[in-house]
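These notes are about the structure you will find just below.
Every number for a ligand or one of its atoms is a count from 1 in the order of the listing.
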Amino acid sequence: MNIIGHLINGEVCTDAARTQDVFNPATGQVARKVALASVETVEQAIASAQAAFPAWRNTPAIKRARVMFRFKELLEANADKICQMIGEEHGKISHDAAGELQRGIENVEYACGVPELLKGEHSKNVGPNIDSWSEFQPLGVVAGITPFNFPAMVPLWMFPMAIACGNCFILKPSERDPSSTLFIAQLLKEAGLPDGVMNVVNGDKVAVDVLLSDQRIKAVSFVGSTPIAEYIYTTANANGKRCQALGGAKNHAIVMPDADMDNAVNQLVGAAFGSSGERCMALSVAVAVGDAAGDALIAKMQDAMKNLSVGAYSDSTNDFGPVITKAHQEKVIGYIDSAEQQGSKIVVDGRQTTVSGYENGFFVGATLIDNVSPDMISYKEEIFGPVLQVVRVATMQEAMDLIDAHEYGNGTCIFTRDGEAARYFSDNIQVGMVGINVPLPVPVAYHSFGGWKRSLFGDLHAYGPDSVRFYTKRKTVTQRWPSAGVREGAEFSMPTLN
Ligand code: NAD
């Protein structure tokens, strides 16, 4: 069987002593195997990145940007192939895979502007004949560790900007759907990137722990679940590394009594069930303000959900596909069971969903649960499946208090026609990304992405302007050229311009 290997110093190689099955979630069958890197393999990748760094650091920014221009064209030319790989291993429908790739490409486009982004700051005559400037230097070898749910987009949040800023990169993709990620990284060579600047090590905790401890790695970006994010952040910091670790989510949408209910329902259906709810920005809780809004929401959701189609990635008429693994399918169904046992009402039940011709696939149908309360396990924890829970409250303030009390603060949104209410909400809510009648407020590539509370550990958000700061360190130079014959004596007080 085909074994997916690593990309080290420009070559794909395999250390197949340990491997893991990669499934096609629609069929439930093993599609291929992935090599799990040993300590030695990861060290080899770090050594190759370390060796490539001095030349890449000194390559003019405009030349680094040109690699990104060519890379963008190659991503577009190979889009169908990449989306096919995403579909086979992740299970998302082709139109959704295309959307993921496009959002990833937009990060490459932003990285193409790196000469402008790295221009720095300059002040002339900060003192007599003294000039001062700040410049942004690359860190060296940096690492990224990414989740299964966006095998193309999340890696593209990281390495294009890191590399454009002059760093060398080691990527540890998800071991559950690694093919598209490895293929994308290979395109960089074709785009003209020198060997060793971009490396991929497939693997598990063994590989991650090397990246967290090796002193040659200067920074780690992580995206994944909150318990692992916390581990990554704590360990990387303890080892003296810069780190940003983006974690899980529980995204609430407030549905106000004055909302355009048909529009809210359309938006909620896509944002709750698209990609099987396996998005960190999926809306998984609708908070209905007032009984009338709650009743109307449930009735209209039920209607809208009758037309949803779940199936394999290859049929683009499907709305969403399977979840990632059998174990995850059982976990999602377990959360629905627990909600029922704890007294909520399963209005639309996706637990028994099967797809003709794909009977062994890891499918869960769209599920709607009413009368959910904050003490329920299914409310507290991230389900990461096609499940929308409805909580009913009496006032908007009660809805906001509920959101603020949750441990996660990734994304949220409000559906309303009231500008004053929307403004109060966006100004005060304790969440990092806010939508106003926009269900998935994922920032565009030239802003930055990140949640609050236990959805992000670290000071800087991912991609956009924050990523330029994350992948560089500031150096401030103060310069004077004493003219011949003019020499000043020693000064023992703090220099000032008085
Ligand atoms: P995960 O935490 O299981 O895995 C993420 C990465 O960590 C993978 O590369 C994996 O190999 C590695 N990993 C797993 N266990 C590890 C361990 N014990 N030690 C070291 N490394 C380990 O996450 P996932 O299931 O792949 O992805 C889904 C999660 O990611 C969800 O919680 C979702 O909300 C979150 N996510 C967050 C964002 C965001 O931007 N905040 C974006 C996408 C996904």
Side-chain angles (χ1 to χ4, degrees), residues 18 20 22 25 34-37 42 89-92 100 103-104 107 143-158 170-178 181-182 200-213 220-236 243-251 275-284 323-325 327-329 331-332 335 381-385 406-412 431-433 440-443 448-458 460-464 466-467:
R18 290 191 311 132
Q20 180 171 313
V22 177
V34 61
L36 302 177
V42 183
E89 293 180 1
H90 175 283
K92 68 176 73 172
E100 151 168 18
R103 290 303 290 258
N107 288 276
I145 301 154
T146 51
F148 81 85
N149 65 326
F150 287 108
M153 183 183 77
V154 171
L156 289 168
W157 285 0
M158 299 176 180
I170 317 271
L171 178 66
K172 207 301 284 170
S174 171
E175 62 276 42
R176 295 189 228 166
D177 49 7
T181 324
L182 182 66
V200 178
V201 288
N202 276 306
D204 53 9
K205 183 171 165 51
V206 170
V208 171
D209 283 345
V210 179
L211 297 174
L212 293 177
S213 59
V220 176
S221 315
F222 172 87
V223 176
S225 59
T226 287
I228 309 297
E230 200 162 20
Y231 166 72
I232 301 278
Y233 187 70
T234 314
T235 313
C243 184
Q244 59 179 187
L246 283 69
K250 194 83 178 177
N251 305 312
S275 211
S276 306
E278 291 175 324
R279 291 177 179 144
C280 68
M281 290 293 274
L283 283 179
S284 52
V323 296
I324 187 71
T325 57
H328 192 56
Q329 179 193 37
K331 191 173 168 189
V332 173
Y335 277 121
E381 297 180 9
E382 181 181 40
I383 299 177
F384 223 52
H406 205 284
E407 67 168 322
Y408 295 127
N410 213 40
T412 188
V431 172
M433 293 172 283
L440 292 176
V442 179
S448 294
F449 180 109
W452 287 9
K453 298 186 277 184
R454 288 172 59 75
S455 292
L456 186 147
F457 302 88
L460 292 170
H461 286 196
Y463 68 77
D466 270 14
S467 68

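- A salt bridge links E407 with R454: the distance from a Lys NZ or Arg NE/NH1/NH2 to an Asp or Glu carboxylate oxygen falls below 4.0 Å.
- At the shortest separation from atom 20 (C) of ligand 1 among protein heavy atoms lies V208 CG1, 3.6 Å.
- The main-chain N or O of L283 is never found under 3.5 Å from a side-chain atom of N251 such that the two would form a donor-acceptor pair.
- In terms of protein heavy-atom proximity, atom 26 (O) of ligand 1 is nearest to F148 N, 3.0 Å.
- Residue-ligand proximity, N149 to ligand 1, at heavy-atom distances under 4.0 Å covers atoms 43 (C), 44 (C).
- One distance of note links CG of D177 with CG of L182; it measures 12.5 Å at 0.5 Å rounding.
- At a distance under 4.0 Å, no protein heavy atom can be found next to atom 4 (O) of ligand 1.
- Atom SG in C280 sits 6.5 Å away from atom CZ in F150 (nearest 0.5 Å).
- Within ligand 1, counting atoms from 1 as listed, the ones closer than 4.0 Å to a heavy atom of I145 are 6 (C), 7 (O), 9 (O).
- Between E278 and H328, the closest side-chain pair of non-hydrogen atoms falls below 4.5 Å.
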List the steps and the verdict of side chain to side chain contact (heavy atoms under 4.5 Å, CB included) for N202 and L36.
CA-CA 6 Å; N202 276 306; L36 302 177; over 6 Å; no

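- In this structure, the protein non-hydrogen atom closest to atom 7 (O) of ligand 1 is F222 CE1, 3.3 Å.
- If you look at A229 next to ligand 1, there are no close heavy atoms at all, none under 4.0 Å.
- For ligand 1, the polar-atom distance check against W157 finds no nitrogen or oxygen pair separated by under 3.5 Å.
- When only non-hydrogen protein atoms are considered, atom 35 (C) of ligand 1 lies nearest to G224 O, 3.1 Å.
- Of all atoms in ligand 1, numbered sequentially from 1 with element shown, those under 4.0 Å from a heavy atom of F449 are 39 (C), 40 (O).
- For atom 28 (C) of ligand 1, the nearest protein heavy atom (residue, atom name, distance) is F384 CE2, 3.5 Å.
- Residue K172 approaches ligand 1 through these ligand atoms, each under 4.0 Å from one of its heavy atoms: 8 (C), 9 (O), 10 (C), 11 (O).
- The distance criterion of under 3.5 Å between nitrogen or oxygen atoms is not met by F150 with respect to ligand 1.
- Between atom OG1 of residue T181 and atom CG of residue L171 there is a gap of 7.0 Å, rounded to the nearest 0.5 Å.
- A donor atom on one side chain and an acceptor atom on the other are found under 3.5 Å apart for E381 and Y335.
- Within the listing of ligand 1, atoms 3 (O), 25 (O) sit less than 4.0 angstrom from a heavy atom of R176.
- Atom OG of S467 and atom CE of M158 lie 11.0 Å apart (nearest 0.5 Å).
- At least one N or O atom of G247, backbone or side chain, sits closer than 3.5 Å to an N or O atom of ligand 1.
- Counting atoms of ligand 1 from 1 in the listed order, those under 4.0 Å from a heavy atom of G248 are 32 (O), 34 (O).
- Listed by atom number, the atoms of ligand 1 under 4.0 Å from S225 heavy atoms are 1 (P), 2 (O), 23 (O), 29 (C), 30 (O), 32 (O).
- At a 3.5 angstrom cut-off on N or O pairs, E175 counts as close to ligand 1.
- Ligand 1 lies nowhere less than 4.0 angstrom from a heavy atom belonging to G450.
- Contact check for E230 versus F222: no side-chain heavy atoms found under the 4.5 Å cut-off.
- Of the protein's non-hydrogen atoms, the one nearest atom 8 (C) of ligand 1 is T146 O, 3.3 Å.
- Taking atom 17 (C) of ligand 1 as the reference point, the nearest protein heavy-atom neighbour is I228 CD1, 3.7 Å.
- For ligand 1, the polar-atom distance check against D209 finds no nitrogen or oxygen pair separated by under 3.5 Å.
- For E382, a nitrogen or oxygen atom sits less than 3.5 Å from a nitrogen or oxygen atom of ligand 1, counting backbone and side chain alike.
- Under a 4.0 Å N-O distance rule, the pair D204/K172 does not qualify as a salt bridge.
- The side-chain heavy atoms of L246 and W157, taken from C-beta on, include a pair separated by under 4.5 Å.
- At a 4.0 Å heavy-atom cut-off, ligand 1 does not touch Y408 at all.
- The aromatic rings of F148 and F384 sit perpendicular, their planes meeting at an angle over 60°, well past the 30° parallel limit.
- Considering H90, K92, R279 as possible partners of E100, the one that fulfils the side chain to side chain donor-acceptor pair (under 3.5 Å) test is K92.
- At the shortest separation from atom 27 (O) of ligand 1 among protein heavy atoms lies P147 CB, 3.3 Å.
- Interatomic distance, OG1 of T226 versus CG of N410, reported as 8.5 Å (0.5 Å rounding).
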